[in-house]
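Below: one structure, written as structure tokens.
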Amino acid sequence: MKIIADRTRCAGHARCAAVSEVLFELDDNGYIRFAEKIVPEGLQELARRGIRACPERALKLSDTEK
């Protein structure tokens with residue numbers, strides 16, 4: 001499972017990072033730092049919650065790791 005971030009849609013609300021700073025790393029300006037990130041075992045539910053928290057819908061979840 002991986003998180004896919006559309007960095008062009010991120011508006012810096014940081015609601016994802018409020019759910020999990022470990023999964024949703026932000027840059028110095030408050031925008032998502034990565035385009036894709038593998039979700040570590042045991043953190044899948046936090047990933048889902050963080051993705052749902054994004055008001056810009058800049059994040060999605062993929063069941064594949066490729």
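Residue indices begin at 1 and follow the sequence shown.
Judged as a side chain to side chain donor-acceptor pair (under 3.5 Å), the pairs with a partner in residues 23-35 (not counting sequence neighbours) are, in order, Glu25-Lys37.
Note that CG of Leu59 is 5.5 Å distant from CZ of Phe24, once rounded to the nearest 0.5 Å. To the nearest 0.5 Å, atom CD1 of residue Ile51 and atom CZ of residue Arg57 are 10.5 Å apart.
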Under 3.5 Å, which donor-acceptor pairs do the side chains of residues 38-45 form with other protein atoms, sequence neighbours left out?
unit_1 : atom_1 : unit_2 : atom_2 : d
Gln44  : OE1    : Gly42  : N      : 3.0

Please output the side-chain donor-acceptor pairs of residues 12-21 that fall under 3.5 Å, not counting sequence neighbours, one pair per line with the distance.
unit_1 : atom_1 : unit_2 : atom_2 : d
His13  : NE2    : Glu56  : OE2    : 3.0
Ser20  : OG     : Leu23  : N      : 3.2

Walk me through whether Ile32 and Leu26 qualify under side chain to side chain contact (heavy atoms under 4.5 Å, CB included). CA-CA 4 Å; Ile32 197 77; Leu26 304 179; 4.2 Å; yes
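Applying salt bridge (Lys or Arg N to Asp or Glu O under 4.0 Å) to Glu36 and the options Lys2, Arg7, Lys60 leaves one that passes, Lys2.
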